[in-house]
Amino acid sequence: MQKLDVRLAHKTYPIFIGNGLFQKSFSMLKQFINKRKAIIITDSNLKASCGCNLMEILGNNGIDAKMCVIPAGESSKSLDELTKLYSFFANFGITRSDYIIALGGGVTGDLAGFAASTWLRGTGFIQIPTSLLAMVDSSIGGKVAVNMPFGKNLVGSFYHPEAVLIDPLLLKTLPDRHFADGMAEVIKYGCIDDNELFVRLERLSNRKDIMKHIEDIIYICCDIKRRIVEMDERESNTRMVLNFGHTFGHAVESYYNYKKYTHGEAISIGMVFIAELSHKLGYCKEEVVERLKKLLEKTGLPVRLPDMKPKDVITTVLTDKKARTDNINLVLIKDIGNVVIEKFPKDRIGGYIHEVLDN
Ligand code: GLY
């Protein structure tokens with residue numbers, strides 16, 4: 001087992017990473033949940049495989065635990081589902097010293113985390129991510145939120161868990177498409193910070209090979225994110241590098257109403273786009289773009305927009321609810337493992353998009 005500590009000005013919390021840790025959940029978490037009530041929030045796909053198992057582990061150790069099952073899928077990150085959770089907490093008499101355990105992917109973690117951050121102005125919270133994307137990204141760093149009909153993640157807060165418990169063996173049953181989804185974020189970490197990680201990924205030929213090193217790979221990604229979040233918890237500057245590929249990735253996701261592409265697939269397209277732009281603006285060599293494309297393709301991720309026109313990309317990027325300023329910060333790549341944040345006036349963005357897509 002490996003352990004990282006996220007050290008923030010206001011709190012420090014551990015990330016435990018280890019194959020088989022899920023079965024040892026109680027011993028890992030007892031310092032937090034012993035003699036307390038716990039609510040496990042999980043989704044309909046995970047109830048049978050993981051939820052019931054965790055209920056049993058906690059029950060066998062004398063924890064008064066209940067499970068709340070949300071429908072699997074992004075539509076659960078809603079105010080409606082949040083209200084249902086609050087009713088559940090009220091009925092079970094959850095107090096500030098009790099624990100809410102998010103057992104699932106990004107949707108479950110974001111929703112449960114936002115519920116924990118707001119219930120009684122803040123309740124104990126633990127993350128047990130089950131998807132690769134949640135293990136390397138969304139369970140760490142404290143971003144929690146729900147979606148609104150007019151925009152994704154618009155209502156949320158920064159609320160860190162007391163602990164994150166990552167068992168890479170839980171990935172064994174993850175469908176290939178969702179494994180690749182998480183790999184997009186893993187590749188992102190290579191691009192923004194770790195040439196060695198990127199080279200290592202280039203040498204691994206398939207999912208089976210990656211799984212042989214997965215504990216280590218997850219550790220490296222979590223460590224990069226930990227370091228960045230410690231430097232800039234609330235994303236005023238450095239943390240923006242985690243958004244590499246996300247400006248155009250989000251445009252792709254939202255243009256297709258979050259249905260055609262998974263987050264990782266859209267980010268894959270967005271990373272190639274921004275790498276191409278970085279090359280056109282003279283920030284990096286063409287070889288960087290080619291290596292990135294090759295690695296993403298090998299991982300089973302898309303690298304091109306099939307049928308989105310420049311005008312649609314421009315409109316979607318510029319009308320993003322979070323981009324209502326005169327400038328847009330773009331994370332450009334200089335080399336594998338080396339990125340830079342640059343501010344561009346919004347009125348230049350359209351020209352750049354044409355420059356990449358028209359060729
Ligand atoms: N997923 C990007 C961040 O946590 O900042």
Side-chain angles (χ1 to χ4, degrees), residues 21-23 25 29 33 37-59 63 65-89 91-92 94 99-119 123-140 143-148 152-153 155-156 159 161 163-182 185 218 253 257-259 261-265:
L21 270 196
F22 183 64
Q23 290 307 328
S25 302
L29 302 176
I33 54 176
K37 285 184 189 172
I39 284 199
I40 301 163
I41 301 178
T42 196
D43 74 28
S44 46
N45 288 341
L46 290 164
K47 179 185 170 198
S49 55
C50 297
C52 297
N53 202 341
L54 186 59
M55 279 289 284
E56 202 181 317
I57 293 169
L58 298 184
I63 304 292
K66 286 231 176 338
M67 179 163 52
C68 183
V69 182
I70 58 168
E74 185 72 30
S75 59
S76 280
K77 251 176 78 171
S78 65
L79 288 181
D80 277 356
E81 216 51 52
L82 185 67
T83 309
K84 286 187 205 154
L85 291 188
Y86 292 147
S87 307
F88 201 88
F89 300 166
N91 290 335
F92 192 34
I94 286 289
Y99 274 86
I100 290 165
I101 303 178
L103 174 66
V107 168
T108 303
D110 283 10
L111 173 73
F114 187 64
S117 82
T118 45
W119 179 250
T123 312
F125 177 45
I126 285 166
Q127 289 264 23
I128 307 184
T130 60
S131 70
L132 183 56
L133 193 126
M135 290 179 187
V136 297
D137 183 28
S138 59
S139 70
I140 298 151
K143 282 188 179 174
V144 292
V146 292
N147 301 330
M148 300 300 286
K152 236 188 134 179
N153 292 329
V155 177
Y159 193 70
V164 184
L165 190 148
I166 300 177
D167 180 353
L169 293 187
L170 295 178
L171 299 175
K172 277 196 166 161
T173 51
L174 200 68
D176 280 342
R177 187 172 182 204
H178 292 118
F179 189 79
D181 185 39
E185 296 284 357
I218 292 172
E253 276 183 296
N257 290 320
Y258 302 92
K259 290 192 167 55
Y261 295 104
T262 65
H263 177 70
E265 287 166 350

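Just so you know, these numbers use all the heavy atoms, side chains as well, and skip hydrogens, waters and symmetry mates.
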Inset, instruction - Could you list the residues that satisfy ring pair (Phe, Tyr, Trp, His ring centres under 6.0 Å) with Phe179, not counting sequence neighbours? - result: none

Legend entry - Donor-acceptor under 3.5 Å (Asp43 side chain, Asn45 main chain): yes

Legend entry - NZ-CE distance between Lys77 and Met148, expressed to the nearest 0.5 angstrom: 12.5 Å

Legend entry - Donor-acceptor under 3.5 Å (Thr42 side chain, Lys47 main chain): no

Show which side-chain atoms of residues 128-137 pair as donor or acceptor with protein atoms under 3.5 Å away, not counting sequence neighbours.
{"residue": "Thr130", "atom": "OG1", "partner": "Gly104", "partner atom": "O", "Å": "3.4"}
{"residue": "Ser131", "atom": "OG", "partner": "Ala134", "partner atom": "N", "Å": "3.1"}
{"residue": "Asp137", "atom": "OD1", "partner": "Lys225", "partner atom": "NZ", "Å": "2.7"}

Legend entry - Separation between OH of Tyr258 and CG of Asn147, rounded to the nearest 0.5 Å: 7.5 Å

Inset, instruction - May I ask you to decide if Thr262's main-chain N or O and Glu265's side chain share a donor-acceptor pair within less than 3.5 Å? - result: yes

Legend entry - N/O donor-acceptor pair under 3.5 Å between Asp181 side chain and Gly264 backbone: yes

Legend entry - Minimum heavy-atom distance Ala38-Ile63, with the two atoms named: CB-CG2, 4.1 Å

Inset, instruction - Would you check if Leu111 and Val146 make a side-chain contact, meaning some heavy-atom pair closer than 4.5 Å? - result: yes

Legend entry - Where Ser117 and Val144 come nearest, the two heavy atoms and their spacing: OG-CG2, 4.4 Å

Legend entry - Closest non-hydrogen atom pair between Cys50 and Phe22, with its separation: O-CZ, 3.5 Å

Inset, instruction - Please confirm whether the backbone N or O of Ala72 pairs with a side-chain atom of Ser76, one donor and one acceptor, at under 3.5 Å? - result: no

Legend entry - pair Leu54-Ser25: side-chain heavy atoms closer than 4.5 Å: yes

Legend entry - From CD1 (Ile126) to CD1 (Ile33), nearest 0.5 Å: 5.5 Å

Inset, instruction - Find out whether the Lys NZ or Arg CZ of Lys66 is both under 6.0 angstrom from the six-membered ring centre of Phe88 and within 45° of the ring's axis. - result: no

Legend entry - Euclidean distance, Leu171 CG relative to Ile166 CD1, rounded to 0.5 Å: 9.5 Å

Inset, instruction - Report, as yes or no, whether the 6.0 Å neighbourhood of atom NZ on Lys37 holds more than 12 heavy atoms from other residues, nucleotides or ligands. - result: yes

Inset, instruction - Grab the two heavy atoms, one from Ile100 and one from Ala112, that are nearest each other, plus how far apart they are. - result: CG2-O, 4.1 Å

Legend entry - Spatial distance of atom CG (Asn53) from atom CD (Gln23) [nearest 0.5 Å]: 4.5 Å

Legend entry - Nearest heavy atoms of Ile40 and Gly51, plus distance in Å: CD1-O, 4.4 Å

Inset, instruction - Apply side-chain contact (heavy atoms from CB on, under 4.5 Å) to the pair Ser75 and Glu81, showing each step before the final yes or no. - result: CA-CA 9 Å; Ser75 59; Glu81 216 51 52; over 6 Å; no

Legend entry - Shortest non-hydrogen contact from Cys68 toward Leu85: SG-CD2, 3.4 Å

Legend entry - Leu169 side, atom CG; Leu21 side, atom CG - distance, nearest 0.5 Å: 9.0 Å

Legend entry - Residues which pass ring pair (Phe, Tyr, Trp, His ring centres under 6.0 Å) with Tyr86, listed by chain and number, not counting sequence neighbours: Trp119

Inset, instruction - For Tyr159 and Thr123, indicate whether the former's side chain and the latter's backbone hold a donor-acceptor pair under 3.5 Å. - result: yes

